[in-house]
Amino acid sequence: MIIAFNCGSSSIKFKLFDKDLNTLASGAAKNIGEDPTINISGAASVNETISKDTAYNDIFKALLDKIFKALNIKEDDITATSHRVVHGGNIDKPVVVTSDHSEKLKEIDKISAFAPLHNGSALMSLEAVLEQLPNTPAVIVFDTLFHHTLPQAVRQYAIGKPDHEPRIPLQKYGAHGLSYQSILKIVASKLGKKENETSIVVAHLGSGGSACAIKNGKSVDTTMGLTPLEGLPGGSRTGSIDPTLIFHLVRDVAETLDVNGMRVSRGEYIMNKQGGFVGLCGTSNFGKILDEIPPADHECWKPWYEGDMPNKYALAYALYLDRLTQYLLSYLQKLSHGQDPKNAIDALVFSGGIGEKSVRLRKDVVDRLSVFGVSVVDSLNNQASEQEDEGAFALSNDISKIPAYVCWTDEEGEAARQAKSTLNV
Ligand SMILES: Nc1ncnc2c1ncn2[C@@H]1O[C@H](COP(=O)(O)OP(=O)(O)O)[C@@H](O)[C@H]1O
Ligand SMILES: CC(=O)OP(=O)(O)O
Ligand SMILES: [Mg+2]
């Protein structure tokens, strides 16, 4: 069996697979930082809440303990573990670590400063797994790998050379690569196309959200950058802001703080932890935002970009829609590149917790993309969120020039697949 772990910013997800990568069990610690819960489903079921201030690493250890006990797993049952690490810099393949791992992990940890909410915690979690399973190979799989195909003019920032040797080149790396790879596979198969002939625009909207333009199976643009901060706002991330704003917002921007055992500058901490939905309306829970905003026919949305927002939730929602629409429009434009979008783009895909669950957001986004002839059928859009884990579900009929889909991302499946092929097991 293979276990894949996915350490996100607000969740730790796992899936247990048999040797043919059929899912045997899955689960997650969710809402980390707000009201954490642990649930496991499969051969056994676990549903628990955990204390609010439990540290990320302790939540991981509690989850690991429950996985082994509830599912009655013995050390020998596990052939390999797979671990999503968001930032791998220019590392161009998965990395295998065993109990004799410390040098390799130290090397990878040098990149952790470039994904401060993710890499450090993922590596701490990996150490906990290696302690529990010292004889089992662990494979580190990177989000950044999928974006190694970014064209030079997209990868490059408009700035001169650094005055020192940075740990990695200061360029766009992107993130959510395991998600995009899994979505590409699922959507291509749904469309009956080869991956390298499939061109899609994907919005992965979770606690951290990003979008990606995939042309013939290759990432050609994505919204996250040198770090996962760039691009869309998230649960607690600002997304792209004028970079100088932070110098005016707080004094001592460069002073460092301890975050999960890592030194992070105050400026970077604020942009990662006190921005986004938390900064705008005090919660990172998108469900709460949806509950508090006026209905779609309220006058504040007409026209949506001019209206005065009646409350902070409506403002957060309108701002999110504004930024998301801006990126998606530019990616649809980029992939069309002078051709009829119908011939150039196979699908627009919604994914991640928000994209998979929010009927309202999908409808509002698609309405704003109508210039590209994208539309959804309301009854399909309403049904979609109930399909839960059905691969990809079509939201449009033939009227839509570009069909819209919901795709249940399978980052853990992709992580396990990469581990299996790396180890040849
Ligand atoms: N029913 C729902 N409707 C809308 N948004 C939801 C719903 N359930 C969860 N979400 C949102 O999904 C996001 C979490 O998505 P997920 O992809 O699991 O995140 P991550 O992997 O980044 O931790 C959170 O913003 C959460 O509020
Ligand atoms: C890169 C990133 O933001 O990941 P997640 O959405 O899992 O936190
Ligand atoms: Mg995630």
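Both ligands and their constituent atoms are indexed starting at 1 by order of listing. Positions are given from 1, in the same order as the sequence printed here.
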Hey, is CG on Asp308 packed in by over 12 heavy atoms from elsewhere, all under 6.0 Å?
no
For residues 200-221, which residue pairs qualify under ring pair (Phe, Tyr, Trp, His ring centres under 6.0 Å), counting only residues two or more places apart or in two chains?
His176-His204
Ligand 1 versus Leu290: contacting region, heavy-atom distance under 4.0 Å
side chain
I need the nearest protein heavy-atom contact for atom 11 (C) of ligand 1: residue, atom name and distance, please.
Ile354 CG1, 3.7 Å
Contact list for residues 211-233, test salt bridge (charged side-chain N to carboxylate O under 4.0 Å, His left out), sequence neighbours left out:
Lys172-Glu230, Asp221-Lys334
Taking only heavy atoms of Ser284, which atoms of ligand 1 are found under 4.0 Å from at least one of them?
25 (O), 27 (O)
For residues 20-67, the ring pair (Phe, Tyr, Trp, His ring centres under 6.0 Å) pairs (sequence neighbours left out) are Phe5-Phe60
Looking at ligand 1, does any of its N/O atoms fall within less than 3.5 Å of an N/O of Ser10?
yes
Using ring centroids (six-membered ring only for Trp), state whether Tyr173 and His87 fall under 6.0 Å.
yes
Polar contacts were defined as any N/O atom of the residue lying under 3.5 Å from an N/O atom of the ligand; does this apply to Leu205 and ligand 1?
no
Within 4.0 Å of some non-hydrogen atom of Asn285, the atoms of ligand 1 are 27 (O)
Under 3.5 Å, is there a donor on one side chain and an acceptor on the other for Ser210 and Tyr180?
yes
To check you understand the geometry: which heavy-atom pair defines the closest contact between Leu290 and Ser358, and what is its length?
CD1-OG, 3.5 Å
At less than 4.0 angstrom from any non-hydrogen atom of Ser11, what atoms of ligand 1 do you find?
20 (P), 21 (O), 23 (O)
Got the closest protein heavy atom to atom 17 (O) of ligand 1, with its distance?
Gly353 N, 2.9 Å
Tell me which one of Lys13, His204, Lys30 gets a heavy atom nearest to atom 18 (O) of ligand 1.
Lys13
So if I apply the side chain to side chain contact (heavy atoms under 4.5 Å, CB included) rule between Ile50 and each of Ile38, Asp35, Asp58, which one comes out positive?
Ile38
re atom 26 (C) of ligand 1, the protein heavy-atom contact at minimum distance is Phe286 N, 4.2 Å
In ligand 1, the atoms that come under 4.0 Å of a heavy atom of Gly208 are 22 (O)
Polar side chain donor-acceptor pair, Arg237 to Ser9, under 3.5 angstrom
yes
Distance in Å, Arg167 CZ paired with Glu107 CD, rounded so as to fall on 0.5 Å steps:
9.5 Å
Students should be able to answer this: which protein heavy-atom is nearest to atom 1 (N) of ligand 1, and at what distance?
Lys357 CD, 3.6 Å
Tell me whether ligand 1 is touched by Gly8 - counting only heavy atoms on the residue side and a distance under 4.0 Å.
no
Between Trp301 and Tyr317, what is the ring plane arrangement, given parallel below 30°, perpendicular above 60°, and tilted in between?
perpendicular
So among Ser236, Ser10, Ser11, which one has a side-chain hydrogen bond (donor to acceptor under 3.5 Å, both in side chains) with Ser207?
Ser10
List below, pair by pair, the N or O atoms of ligand 2 and of the protein that are less than 3.5 Å apart, including the distance to 0.1 Å; reply 'none' if no pair qualifies.
from     : atom 1 : to     : atom 2 : distance (Å)
ligand 2 : 3 (O)  : His118 : NE2    : 3.4
ligand 2 : 3 (O)  : Arg237 : NH1    : 2.8
ligand 2 : 3 (O)  : Arg237 : NH2    : 2.9
ligand 2 : 4 (O)  : Arg84  : NH2    : 3.1
ligand 2 : 4 (O)  : His118 : NE2    : 3.1
ligand 2 : 4 (O)  : His176 : NE2    : 3.2
ligand 2 : 6 (O)  : His176 : NE2    : 2.9
ligand 2 : 6 (O)  : Gly208 : N      : 3.4
ligand 2 : 6 (O)  : Gly208 : O      : 3.4
ligand 2 : 7 (O)  : Arg84  : NH1    : 2.9
ligand 2 : 8 (O)  : Ser9   : N      : 2.8
ligand 2 : 8 (O)  : Ser9   : OG     : 2.6
ligand 2 : 8 (O)  : His118 : NE2    : 2.7
ligand 2 : 8 (O)  : Arg237 : NH2    : 3.4

Which residue and heavy atom of the protein sit nearest atom 22 (O) of ligand 1, plus the separation
Ser207 N, 3.0 Å
Measuring centre to centre across the rings, with the benzene-like ring taken for any Trp, is Phe286 within less than 6.0 Å of Phe277?
yes
